[in-house]
Number of protein chains: 2
Amino acid sequence: MGHTVGEVARLTGVTVRALHHYDEIGLLAPGGRTAAGYRRYAAADLDRLQHILAYRALGFPLDQITALLDDPAADMLSHLRRQHQLLSERQDHTRRMLTAVERMMEAHQMGSALTQEERFEVWGEFNPEDHVEEAEQRWGDSDAYRQSQARAKRYSKEDWLTIKREGEATTRALAAAMAAGTPATSPAVMDLAEEHRQHISRWFYDCTHEIHRGLGQMYVDDPRFTATYEGIAPGLAVYLRDAIEANADRDE
Amino acid sequence: MGHTVGEVARLTGVTVRALHHYDEIGLLAPGGRTAAGYRRYAAADLDRLQHILAYRALGFPLDQITALLDDPAADMLSHLRRQHQLLSERQDHTRRMLTAVERMMEAHQMGSALTQEERFEVWGEFNPEDHVEEAEQRWGDSDAYRQSQARAKRYSKEDWLTIKREGEATTRALAAAMAAGTPATSPAVMDLAEEHRQHISRWFYDCTHEIHRGLGQMYVDDPRFTATYEGIAPGLAVYLRDAIEANADRDE
DNA sequence: CCTTGACCCTCACGTTACGGGAGGCCCTAT
DNA sequence: ATAGGGCCTCCCGTAACGTGAGGGTCAAGG
């Protein structure tokens with residue numbers, strides 16, 4: 001009964017040396033030792049290790065993890081909740097970094113540069129401490145987010161068809177405008193791009209112009225999307241992207 | 001002209017000490033010095049710093065960042081593309097961690113426990129080195145990717161329609177299988193998933209099972225895709241994802 | 001002209017989270 | 001009984017800075 005260091009290492013992907021280290025600093029002391037002095041890890045130790053790995057993956061220093069896990073007021077569930085919270089924030093942060101990169105790519109292609117603040121604001125840190133302090137406050141937001149996710153799950157087949165029909169109407173209008181030779185930067189076409197954006201905001205999530213730009217670029221870069229638009233009319237993907245850009249620029 | 005260390009520090013959120021350190025190890029040497037020996041950072045230095053921060057945020061060790069940025073074969077755009085790629089992967093990973101936490105919470109509420117593998121597989125690392133090693137491989141791919149992009153641009157309207165029709169045939173077959181109550185993990189449905197994968201590989205890019213899994217998850221998570229599949233049949237997005245997973249598992 | 005406070009410089013040692021041996025016991029299998 | 005893993009405890013090394021110590025620099029104000 002109980003696992004050796006090597007077994008735990010293989011099971012969890014942590015090195016033996018790391019487990020020794022955790023033992024040394026009192027973060028994870030194995031339940032017992034054999035007569036020969038071999039470490040024996042019990043089930044409870046694995047539970048603890050799991051939470052250690054989660055917090056570690058989130059960037060917490062080991063001494064803080066020790067403090068968190070040794071807090072008698074916190075149980076399994078509260079740790080899981082906190083981890084969930086922090087992971088969600090990390091998602092957000094990564095997404096912001098992604099859109100920042102996308103904007104850089106656009107700026108690069110258009111030969112323009114961004115302002116210094118724009119260029120650096122996102123790279124300013126994953127401070128886990130900040131998160132810990134802000135965590136309580138943000139529970140509200142995250143609740144709202146989950147609700148919106150839950151709502152999406154409850155859309156009926158009719159809802160989905162409505163959503164799709166609405167989207168297709170806009171797309172057809174766009175294709176018509178393009179066929180008529182209307183430039184993508186004309187007000188009427190920008191309005192169609194705006195309609196497209198509103199459509200997403202209404203049904204799914206708050207689609208800022210920022211996000212919208214990202215989508216537009218993706219329609220051009222990602223063949224799975226491109227196929228959808230190019231199948232309707234050649235050049236439509238690029239046309240839509242340009243319209244989205246123009247519309248976002250108009251809004252500033 | 002040019003900024004002092006303090007200014008750069010405030011602008012970017014990096015500490016002065018860190019900038020000194022980057023100078024010491026040759027990662028970021030300021031463009032010049034004043035007569036008094038003060039560091040002066042020029043615009044080009046800020047460009048470089050931006051990429052440094054991006055790679056650092058992704059967990060790269062500084063010496064590797066040095067190597068990456070000093071590679072004369074890599075320009076702005078290639079760095080941005082790589083960063084985008086890595087950030088996307090990080091998104092995937094975070095999402096997997098999130099669902100793992102969610103599963104833990106469910107298991108906790110139902111009083112059941114998960115198997116060891118289930119509990120630990122996701123926490124097994126963000127190894128940036130893996131990425132670095134894969135990078136070369138993928139760059140080969142990425143060359144292929146760019147080629148495929150270029151090729152995609154030359155598809156005619158008929159090509160696009162063919163592509164779309166092919167894709168829709170698979171989708172319809174899937175919907176039929178689901179309607180018939182065939183489990184997503186049955187061989188026949190896995191074959192359809194495989195067909196789906198081949199379709200992407202044939203027309204766009206080499207779609208590994210790994211990438212395919214990513215797509216499958218996206219069909220469920222990203223409302224823009226979900227709308228497409230749910231509009232055809234409710235539950236189809238999840239069904240497709242499960243089939244993809246099963247097919248990838250089968251392949252090992 | 002001189003001081004004062006904010007900013008800059010260069011050592012240089014401290015810290016975190018391990019990696020990587022060295023030297024040596026333990027245990028199972030042939 | 002001997003060979004092969006696996007385990008143990010030191011112990012030194014490394015990466016990416018933090019944190020002073022000791023000392024010039026510069027613009028504003030008395």
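Quick note: numbers below take in every heavy atom, side chains included, and nothing from hydrogens, waters or symmetry partners.
To the nearest 0.5 angstrom, B:Leu46 atom CG is 6.5 Å from B:Leu11 atom CG.
The residues A:Arg48 and A:Asp70 are annotated as salt-bridged, a charged nitrogen and a carboxylate oxygen being separated by less than 4.0 angstrom. At a threshold of 4.0 Å, the pair A:Arg33-A:Asp23 counts as salt-bridged, since one of the basic side-chain nitrogens sits closer than that to a carboxylate oxygen. Using a 4.0 Å cut-off between a side-chain N of Lys or Arg and a carboxylate O of Asp or Glu, B:Arg197 and B:Asp251 do not qualify as a salt bridge.
Regarding A:Gln64, its CD atom lies at a distance of 14 Å from the C1' atom of C:dA17, rounded to whole Å. One atom, CG of A:Asp23, and another, P of C:dC18, lie 14 Å apart when rounded to the nearest Å. The interatomic distance linking A:His3 (NE2) with D:dC7 (P) rounds to 13 Å, in whole Å. Between the CD1 atom of A:Ile52 and the C1' atom of C:dC18 there is a distance of 14 Å, given to the nearest Å. Residue A:Arg10 contributes atom CZ, which lies 13 Å from atom P of D:dG5 at whole-angstrom precision.
A side chain to side chain donor-acceptor pair (under 3.5 Å) with A:His51 is found for one member of A:Gln83, A:His79, A:Arg82, A:Arg56 and no other, namely A:Gln83.
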Might you list the N or O atoms of the protein lying below 3.5 Å from N or O atoms in nucleotides 23-28 of chain D, with each pair's distance?
from   : atom 1 : to      : atom 2 : distance (Å)
D:dG24 : N2     : B:Tyr38 : OH     : 2.9
D:dT25 : O4'    : B:Tyr38 : OH     : 3.1

Using atom names, set out every protein N or O paired with an N or O of nucleotides 15-19 of chain D below 3.5 Å, distance rounded to 0.1 Å.
from   : atom 1 : to      : atom 2 : distance (Å)
D:dA16 : OP1    : B:Leu62 : N      : 2.7
D:dC17 : OP2    : B:Tyr22 : OH     : 2.8
D:dG18 : OP2    : B:Thr15 : OG1    : 2.9
D:dG18 : N7     : B:Arg17 : NE     : 3.4
D:dG18 : O6     : B:Arg17 : NH2    : 3.1
D:dT19 : O4     : B:Arg17 : NE     : 2.8

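The closest side-chain donor-acceptor pair between B:Ser78 and B:Asp75 falls under 3.5 angstrom.
Heavy atoms of A:Arg40 sit nowhere under 4.0 angstrom from any nucleic acid atom.
Residues A:Tyr41 and A:Thr4 are not in side-chain contact: their nearest non-hydrogen atoms beyond the backbone lie 4.5 Å or more apart. Taking 4.5 Å as the limit, some side-chain heavy atom of B:Leu69 sits within range of a side-chain heavy atom of B:Tyr55. Counting only heavy atoms from C-beta outward, the side chains of A:Leu49 and A:Leu19 approach each other to under 4.5 Å.
Phosphate contact (OP1/OP2 of C:dC9, side-chain N/O of B:Arg39, threshold under 4.0 Å): present. Contact check, A:His20 against D:dC8: a side-chain N or O comes under 4.0 Å of OP1 or OP2.
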